Amino acid sequence: MVSVTSEDAASGGDHADLGDIQRQHWQSTYRANPAMYGETPSTPAIQAAQIFGAVGARTILELGAGHGRDALHFARAGFTVHATDFSEVGLRQLRERADGEAVEGLTTGIIDVRAPLPLPAASYDAVYAHMLLCMALSSEEICALVREIHRVLRPGGILFYTVRHTGDAHYGTGIDHGDDIFEQGGFAVHFFSRAFVDALAEGWDLRRIDDFEEGALPRRLWSVVQTRR
Ligand SMILES: C[S@@+](CC[C@H](N)C(=O)[O-])C[C@H]1O[C@@H](n2cnc3c(N)ncnc32)[C@H](O)[C@@H]1O
C-alpha cells in the first residue's frame with residue numbers, strides 16, 4: 001500500500017496532492033471530534049447575519065461550513081442557507097443537528113472549492129466563508145474561487161469571508177508548502193497578506209476589513225466584506 005504524507009507533498013507534490021491529504025485530514029478530524037468548533041455560532045457569523053439582514057439578503061451560500069455552527073445560526077435567523085464543504089463527515093453532523101432541531105431552510109452539498117462551483121450564475125444574495133479561503137488553496141485557486149463567487153452572487157450581492165493573516169503566530173512556522181502555506185499539526189493554512197486581500201477585491205466594492213481573534217492560540221484573522229458590482 002502506498003501512503004502519501006504531508007511531508008511528501010511539501011517536498012515534491014503539488015497543491016492538488018496537499019488538498020487531497022487535507023480532505024482526508026478534515027474527514028478524520030470531524031470523525032474523531034464531532035462538533036469540534038462547538039455548538040454556538042462564531043462571532044463573524046453573528047456579524048454577517050446582521051449585515052445580510054440589513055441589506056435584505058435572503059439566500060446564503062456557505063463554503064467550508066464544516067459541521068455547521070454558523071449555517072445553523074443563519075437558518076435559525078430565517079435565511080435560506082445552502083451549506084457546503086468537501087467533508088461529508090462534517091456535513092452529516094450538520095444535518096443530524098438540523099434534523100434534531102427541525103431547522104428549516106437549510107440544505108447541504110459536498111463542494112470542493114478547488115473546482116468551479118456547480119451552481120447557477122446569480123443565484124445567491126450572499127456568500128459566507130469562515131476560514132475557508134485560507135485553507136490549503138494556492139493563490140491561483142483562491143483567485144479562481146473568488147471569480148466563481150462573483151459569478152454565483154446576484155449583482156449587489158455580498159461576500160463575507162474570514163482568513164488567517166500574516167500577523168498570526170503560526171505564520172512562517174511548521175512545514176513550508178510555499179505560496180504562504182504553512183502546516184502545523186496536520187492542518188495546512190494559507191496566510192493572507194493585506195496586498196492579497198486587496199487584489200481579491202479588484203472589480204468588487206470593498207466595504208470593510210476587521211481584525212479579530214478566535215480560539216486559544218489565538219488565531220489572528222481578518223473578516224472581509226465586499227459586494228459584487
Ligand atoms: C477551519 S475549518 C472552518 C469550518 C467552519 N467554517 C467553522 O468555522 O466552523 C475549514 C473548513 O473548510 C473545509 N475545506 C477545506 N478545504 C476545502 C476545499 N478545498 N473545499 C471545500 N471545503 C474545504 C474543511 O473541511 C473545514 O470544514
Side-chain angles (χ1 to χ4, degrees), residues 6 10 18-19 21-23 25-52 62-74 77 83 85-87 89-90 93-94 97 113 127-139 142 145-146 158-201 206-226:
S6 296
L18 179 61
I21 293 162
Q22 287 294 297
R23 182 168 178 273
H25 188 62
W26 279 106
Q27 293 275 71
S28 53
T29 299
Y30 285 133
R31 216 172 270 123
N33 310 285
M36 66 178 281
Y37 287 107
E39 309 270 317
T40 52
S42 68
T43 301
I46 293 167
Q47 290 168 343
Q50 287 165 352
I51 291 170
F52 296 161
E62 182 171 0
L63 302 170
H67 60 73
R69 59 175 171 160
D70 293 343
L72 286 162
H73 176 64
F74 295 135
D85 200 283
F86 72 176
S87 168
V89 178
Q93 293 170 3
L94 165 54
R97 189 137 166 248
V113 299
V127 172
Y128 175 81
H130 182 21
M131 292 190 289
L132 179 271
L133 271 67
C134 61
M135 291 290 97
L137 304 166
S138 66
S139 296
I142 296 165
L145 172 58
V146 171
I158 303 184
L159 167 59
F160 186 120
Y161 74 88
T162 76
V163 284
R164 290 174 74 177
H165 59 68
T166 52
D168 188 286
H170 278 170
Y171 175 60
T173 69
I175 301 169
D176 183 354
H177 290 280
D179 199 14
D180 276 344
I181 300 175
F182 294 90
E183 180 182 331
Q184 281 275 356
F187 293 101
V189 175
H190 189 137
F191 292 90
F192 275 45
S193 66
R194 176 57 204 257
F196 193 37
V197 170
D198 288 340
L200 293 175
L206 183 56
R207 301 293 183 186
R208 54 189 295 168
I209 302 177
D210 293 300
D211 241 316
F212 71 103
E213 297 181 349
E214 188 178 282
L217 182 59
R219 294 184 284 269
R220 295 206 52 211
L221 301 107
W222 286 318
S223 61
V224 180
V225 180
Q226 56 193 54

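Every value quoted in this text rests on a predicted model; they were computed, and no experiment measured them. Positions are given from 1, in the same order as the sequence printed here.
Here the closest non-hydrogen pair linking His73 and Ala45 is CD2-O, 3.8 Å. Contact detail for His25 and Gly186: the closest heavy-atom pair is CD2-O, 3.2 Å. Summarising the geometry of Ala201 relative to Gln226, their closest heavy-atom pair is CB-OE1, 3.5 Å, with the distance given to 0.1 Å. When all heavy atoms are compared, the tightest approach of Ser87 to Gly90 is OG-N, 3.1 Å. Residues Ser138 and Asp179 share a closest heavy-atom pair of CA-OD2, 3.3 Å.
Every side chain to side chain contact (heavy atoms under 4.5 Å, CB included) that Ala129 has, sequence neighbours left out, goes to Leu63, Leu132, Leu133, Tyr161.
Counting heavy atoms from C-beta outward, Val163 and Phe196 have side chains that stay 4.5 Å or more apart. The side-chain heavy atoms of Met135 and Trp26, taken from C-beta on, include a pair separated by under 4.5 Å. When side chains are defined from C-beta on, Met131 counts as touching Tyr37, because their heavy atoms get closer than 4.5 Å. Val189 is not listed as a side-chain neighbour of Gln184, based on a closest heavy-atom distance of 4.5 Å or more. Between Arg69 and His130 the shortest side-chain heavy-atom distance falls below 4.5 Å.
Note: Phe160 and Tyr128 have tilted aromatic rings, judged against thresholds of 30 and 60 degrees for the angle between ring planes. Using a 30° and 60° split on the angle between ring planes, Tyr30 and His67 fall in the perpendicular class, above 60°. Ring-plane geometry between Phe182 and Phe191 is classed as tilted, the angle between the planes lying from 30 to 60 degrees on a 0 to 90 degree scale.
Using a cutoff of 4.0 Å between basic side-chain nitrogens and carboxylate oxygens, Asp211 and Arg220 are scored as salt-bridged.
Using a distance-only test at 3.5 Å, with no hydrogens or angles considered, no donor-acceptor pair links the side chain of Glu214 to the main chain of Pro44. For the pair Arg31 (side chain) and Val89 (backbone), a donor-acceptor distance under 3.5 Å is absent. A donor-acceptor contact shorter than 3.5 Å is absent between the side chain of Ser223 and the backbone of Thr162. A side-chain donor-acceptor contact under 3.5 Å links Asp85 to the backbone of Ala65. Under a 3.5 Å cut-off, the side chain of Gln22 and the backbone N or O of Ala136 do not form any donor-acceptor pair.
Under the side-chain contact (heavy atoms from CB on, under 4.5 Å) rule, Phe192 has a single partner from Thr166, Leu200, Leu221, Asp180, which is Leu200.
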